[in-house]
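Notes to accompany the following structure.
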Amino acid sequence: MGIRRTRALACTAVVAATLGVAGCKVTTQGADPTGTAATSGTTAASAAPGSALAAANALPVKGRAPKTGYSRDQFGPAWADVDHNHCDTRDDILTRDLTKRTYRAGTKDCIVTGGTLADPYTGTQIVYKRGASKVDIDHAVALSDAWQKGAQQWSKDRREDFANDPLNLLAVDSSTNRRKSDGDTATWLPPNTSYRCSYVARQVAVKKKYGLWVSSAEKDAMRKVLNTCPKQALPTG
């Protein structure tokens, strides 16, 4: 067998085994057994300026702090009237997110008694009826997640503002919200895949606004989603 023929067979065998020998050029393509190629390949340079992806790239990374000391009470009373419009935060978000709204008489269009929600988490329509509701107001960045990523160092007033910030709040299907629990991007995403870019962008916006950090796995998960929509803008409210 000639030298060239012998060398070609040797290189073929090396490529198949993904090993290199002198004089052989080995190239591997297509395979990504860890599923991380899209994440690791996303850098600040590839993100559109001002995009959610650029903001995600800039979030600080630290380990999750202990949950010690956390309770809902650390974030003030549920649904306070922090904007002093005489409506609590829950009704403010229902007014923002529902259509075909009805209100309790004498409340100056404050207390929502009914309406229809285009649920972002499931992509379904939900009829809201006060007292028999299948609608929750979700914190996009869960309070306990925030507690473990910087919020335990805040004043109580700042935590109350965080818990009632419309940027961090969404009217959503209650059962889906409860399955989410306090998950971050690394552990939970909405089943409605068409909403995932918007959802992750909202989490990034909240964490940027309040100076919260993310875990390494969380940042990778954010990048993986936002890499599919690199021009996704950050929400403002």
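Any value given below was found using the heavy atoms of this structure, including those in side chains, with hydrogens, waters and symmetry copies removed. Worth saying up front: this structure is predicted, and the values here are computed from it rather than measured.
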Verdict with reasoning, Arg96 to Leu170, per side chain to side chain contact (heavy atoms under 4.5 Å, CB included): CA-CA 9 Å; Arg96 185 194 70 183; Leu170 293 166; 4.1 Å; yes

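- Each side chain to side chain donor-acceptor pair (under 3.5 Å) pair with one or both residues in residues 114-131, not counting sequence neighbours, appears once here: Asp91-Arg130, Asp119-Thr122, Tyr121-Asp138, Thr122-Thr124.
- Side-chain rings of Phe162 and Trp147 stay apart, their centers remaining 6.0 Å or farther from each other.
- Transitive grouping of hydrophobic side chains (ILVMFWY, heavy atoms separated by less than 4.5 Å) keeps Leu59 and Leu212 in distinct clusters.
- Using a cutoff of 4.0 Å between basic side-chain nitrogens and carboxylate oxygens, Asp145 and Lys207 are scored as salt-bridged.
- Side-chain contact between Val214 and Pro60 is absent, with no heavy-atom pair separated by less than 4.5 Å.
- Side-chain contact check for Asp165 and Tyr210: at least one donor-acceptor pair (N or O, by modelled atom type) lies under 3.5 Å.
- With sequence neighbours excluded, the residues forming a side chain to side chain donor-acceptor pair (under 3.5 Å) with Thr102 are Thr113, listed by chain and number.
- In terms of modelled atom types and a separation under 3.5 Å, the side chain of Ser133 and the main chain of Val135 share a donor-acceptor contact.
- A donor-acceptor contact shorter than 3.5 Å is absent between the side chain of Lys62 and the backbone of Ser215.
- Residues meeting the side chain to side chain donor-acceptor pair (under 3.5 Å) test with Arg158, sequence neighbours left out: none.
- Here the side chain of Arg104 pairs no donor or acceptor atom with the backbone of Lys108 at under 3.5 angstrom.
- Tracing side-chain contacts under 4.5 Å through hydrophobic residues (I, L, V, M, F, W, Y), one never reaches Leu169 starting from Phe75; they form parts of separate clusters.
- The side-chain contact (heavy atoms from CB on, under 4.5 Å) test applied to Ser51 returns Ala47, Ala48, Leu53, Ala54, not counting sequence neighbours.
- Counting only residues at least two apart or in different chains, ring pair (Phe, Tyr, Trp, His ring centres under 6.0 Å) contacts with residues 217-237 are absent.
- Under a 4.0 Å N-O distance rule, the pair Arg223/Glu218 does not qualify as a salt bridge.
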How far apart are the C-alpha atoms of Asp173 and Lys134, what are their side-chain angles, what is the distance that settles it, and do they pass the salt bridge (Lys or Arg N to Asp or Glu O under 4.0 Å) test? CA-CA 6 Å; Asp173 171 63; Lys134 295 182 180 180; over 6 Å; no

What verdict does the salt bridge (Lys or Arg N to Asp or Glu O under 4.0 Å) test give for Asp182 and Lys67, after you've listed the backbone C-alpha separation in whole Å, the side-chain angles of each residue and the deciding distance to 0.1 Å? CA-CA 12 Å; Asp182 60 357; Lys67 199 173 178 179; 3.5 Å; yes

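- Counting only heavy atoms from C-beta outward, the side chains of Tyr103 and Ile111 never approach each other to under 4.5 Å.
- Using a 4.0 Å cut-off between charged nitrogen and carboxylate oxygen, Lys180 and Asp136 do not count as a salt-bridge pair.
- Every residue meeting the side chain to side chain donor-acceptor pair (under 3.5 Å) condition with Ser194, not counting sequence neighbours, appears here in chain and number order: Asn192.
- Between the side chain of Arg202 and the backbone N or O of Asn168 there is no donor-acceptor pair closer than 3.5 Å.
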ring-ring contact (aromatic ring centres under 6.0 Å, His included) evaluation trace for Trp79 with His139: CA-CA 12 Å; Trp79 313 131; His139 291 94; 5.6 Å; yes

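- Between the side chain of Thr185 and the backbone N or O of Ala221 there is no donor-acceptor pair closer than 3.5 Å.
- At a cut-off of 3.5 Å, with distance as the only test, a side-chain donor of Tyr199 or Gln203 sits close to an acceptor on the other residue.
- Trp213 does not carry Lys149 over the face of its six-membered ring by the limits of under 6.0 Å from the centre and within 45° of the normal.
- The residues Asp109 and Arg101 are annotated as not salt-bridged, no charged nitrogen and carboxylate oxygen being separated by less than 4.0 angstrom.
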Between Asp92 and Asp83, does a side chain to side chain contact (heavy atoms under 4.5 Å, CB included) hold up when you go through it step by step? CA-CA 10 Å; Asp92 284 343; Asp83 60 1; 3.3 Å; yes

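- Of the candidates Gln152, Arg159, Glu160, Gln74 forms a side chain to side chain donor-acceptor pair (under 3.5 Å) with just one, namely Arg159.
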